[in-house]
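So you know, we letter chains A, B, ... as the sequences are listed, proteins then strands, and number each from 1.
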There are 2 protein chains.
Amino acid sequence: MDVRTLCLGILALGDASGYEIKKMVAEGSFSFFSEASYGSIYPALTRLTEEGLVTCREEAQDKRPDKKVYSLTPAGRAALRDTLRKDPGPDRHRSEFLAALLFAEAVSPERVRDLIDERVAQHEKKIAELKGLLEEDVSAVSRFVIEYGIATQEAALHYLKRHRDRLLGELGHTIEAAE
Amino acid sequence: MDVRTLCLGILALGDASGYEIKKMVAEGSFSFFSEASYGSIYPALTRLTEEGLVTCREEAQDKRPDKKVYSLTPAGRAALRDTLRKDPGPDRHRSEFLAALLFAEAVSPERVRDLIDERVAQHEKKIAELKGLLEEDVSAVSRFVIEYGIATQEAALHYLKRHRDRLLGELGHTIEAAE
DNA sequence: ACAGATAGTATCGACTTGATATATCTTATG
DNA sequence: CATAAGATATATCAAGTCGATACTATCTGT
């Protein structure tokens with residue numbers, strides 16, 4: 001899913017400016033499974049406009065900078081439908097936490113405990129955030145997506161809580177054995 | 001976690017060539033939370049060598065192309081430790097599946113069912129893969145990381161199975177109401 | 001015999017990130 | 001009341017990254 005398609009999809013849900021698209025991927029129901037920066041959104045919108053998949057109208061605002069509001073054209077909707085017909089690629093999950101855990105063993109085993117404890121707090125925060133989204137966002141599919149996120153976050157959290165001590169015990173033996 | 005640190009961390013677990021590093025991130029215990037292409041690994045190794053964080057020796061092999069085997073230097077180990085002292089950034093999760101679900105509602109609600117059913121199969125495959133890894137890989141932290149992955153994948157799978165029909169029911173009403 | 005996978009290094013264009021610039025308005029805080 | 005901080009808005013740039021491809025040689029399956 002490139003930023004191009006992401007923009008097309010968001011515009012299929014309603015008109016928006018580049019700034020608003022950025023906000024949606026950073027804070028809205030998109031926030032936990034996609035990301036995009038201005039540096040990719042603005043060029044994407046420019047190209048989509050050139051290709052006739054979206055149109056742009058400038059809206060003057062009171063006491064605020066002008067907005068460029070983009071709308072999906074019929075051609076854009078068709079292009080999106082074509083893309084969605086294809087099977088979505090596999091999820092891509094990058095976790096500095098898990099990498100740090102694996103590497104910490106090699107350079108500083110004591111760090112493992114702190115890493116896990118910080119992570120527990122992060123999961124709890126994320127779950128609270130997602131539950132907050134549930135109260136605003138009412139579309140059935142949005143709710144499904146957010147609850148899917150909550151389910152996985154909670155599973156991760158419970159796994160950490162249940163297995164933390166076992167892991168630290170096993171590492172304890174390793175550390176002692178190495179000394 | 002940039003590819004630079006990823007290489008440093010993998011080399012902390014043992015010497016490796018660029019090709020082997022790529023294989024680890026694509027297939028090993030790293031596979032489900034990190035990715036890196038040759039186009040980022042080779043330049044990273046070159047730069048790390050220039051900076052004295054790794055060393056490189058060429059190994060001639062019988063009936064195979066020569067290898068460039070990289071090893072972590074003490075300076076490299078120190079650099080890795082410094083990086084790991086910092087808090088890991090939040091996970092980044094990109095899911096074409098979840099995006100497609102949200103967008104499908106807008107352009108082709110019938111697609112939602114197929115998307116979910118394909119996804120169930122994908123999760124089952126992924127879980128089997130991870131369980132396969134468990135049998136080879138024995139390090140305590142590796143096992144922890146892989147089981148963490150299994151726990152989240154299973155939670156996602158069960159969520160989909162439990163809520164699929166409810167969602168399709170809700171969409172059914174939407175579709176009927178729109179027609 | 002021949003296709004395709006495996007082992008290996010390497011590069012390139014296109015895309016993406018993260019930081020930064022610019023400018024104005026609103027909201028806290030001392 | 002001043003002033004810092006943050007929101008609203010567009011835009012660019014260097015540096016990093018992906019995915020495809022190139023090249024060569026061997027091993028494996030049909």
Side-chain angles (χ1 to χ4, degrees), chain A residues 1-8 10 15-28 30-31 33-51 54 56-70 83 86 89-94 96 99, chain B residues 1-8 10 15-28 30-31 33-51 54 56-70 83 86 89-94 96 99:
Chain A
M1 177 87 43
D2 49 9
V3 175
R4 218 181 118 79
T5 309
L6 196 63
C7 289
L8 239 31
I10 289 175
D15 293 357
S17 65
Y19 184 77
E20 287 161 346
I21 291 174
K22 166 72 175 166
K23 255 183 53 181
M24 292 179 81
V25 296
E27 295 164 31
F30 299 85
S31 58
F33 63 83
S34 91
E35 256 179 274
S37 60
Y38 290 127
S40 56
I41 291 171
Y42 284 117
L45 288 172
T46 304
R47 256 197 61 195
L48 289 170
T49 307
E50 285 165 5
E51 292 172 15
V54 307
C56 173
R57 62 177 189 278
E58 286 201 45
E59 257 179 33
Q61 292 187 109
D62 219 34
K63 315 227 177 191
R64 284 234 162 63
D66 289 2
K67 252 188 193 184
K68 290 190 182 174
V69 179
Y70 294 88
T83 304
K86 294 172 206 147
D91 283 25
R92 291 166 56 174
H93 187 217
R94 295 182 85 110
E96 287 198 14
Chain B
M1 177 84 48
D2 49 9
V3 175
R4 218 181 118 78
T5 309
L6 196 65
C7 289
L8 239 31
I10 289 176
D15 294 357
S17 66
Y19 184 78
E20 286 162 346
I21 291 174
K22 166 72 174 168
K23 253 182 56 181
M24 291 179 82
V25 296
E27 295 164 31
F30 298 88
S31 58
F33 63 83
S34 92
E35 255 179 274
S37 60
Y38 290 127
S40 56
I41 291 171
Y42 283 116
L45 289 172
T46 304
R47 257 197 60 196
L48 289 170
T49 306
E50 285 164 8
E51 294 171 15
V54 306
C56 172
R57 63 175 189 280
E58 285 200 47
E59 259 179 31
Q61 292 186 110
D62 218 34
K63 316 227 178 190
R64 285 233 163 62
D66 289 3
K67 252 189 193 181
K68 290 190 183 174
V69 179
Y70 294 87
T83 303
K86 294 172 206 145
D91 283 25
R92 292 166 54 175
H93 187 216
R94 297 182 84 111
E96 286 198 16

Which residue lies more 5' along DNA chain C, comparing B/V69 with A/M1 via nearest heavy atoms: B/V69
First encountered from the 5' end of DNA chain C, between A/P43 and B/T46: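 It is B/T46 whose nearest nucleotide is closer to the 5' end.
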Could you check whether B/E96 pairs with B/R94 (Lys NZ or Arg NE/NH1/NH2 to Asp/Glu carboxylate O, under 4.0 Å)?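 Salt bridge flag = no for B/R94 with B/E96.
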Does a salt bridge link A/E51 with A/R4, judged by any charged N lying under 4.0 Å from a carboxylate O?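 Between A/R4 and A/E51 there is a salt bridge, with a charged N closer than 4.0 Å to a carboxylate O.
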It should be established whether [X] places a side-chain nitrogen or oxygen under 4.0 Å from OP1 or OP2 of nucleotide [N].
X     : N      : value
B/R4  : D/dT17 : no
B/R64 : D/dC27 : no
B/Y42 : C/dT9  : yes
B/Y19 : C/dA7  : yes
A/R94 : D/dC18 : yes
B/S40 : D/dG16 : no
B/K68 : C/dA10 : yes
A/K23 : D/dA7  : no
B/Q61 : C/dG8  : yes

Using C1' atoms of five pairs at each end, report the bend of the helix from C/dA1-D/dT30 to C/dG30-D/dC1 rounded to 10 degrees. 50°
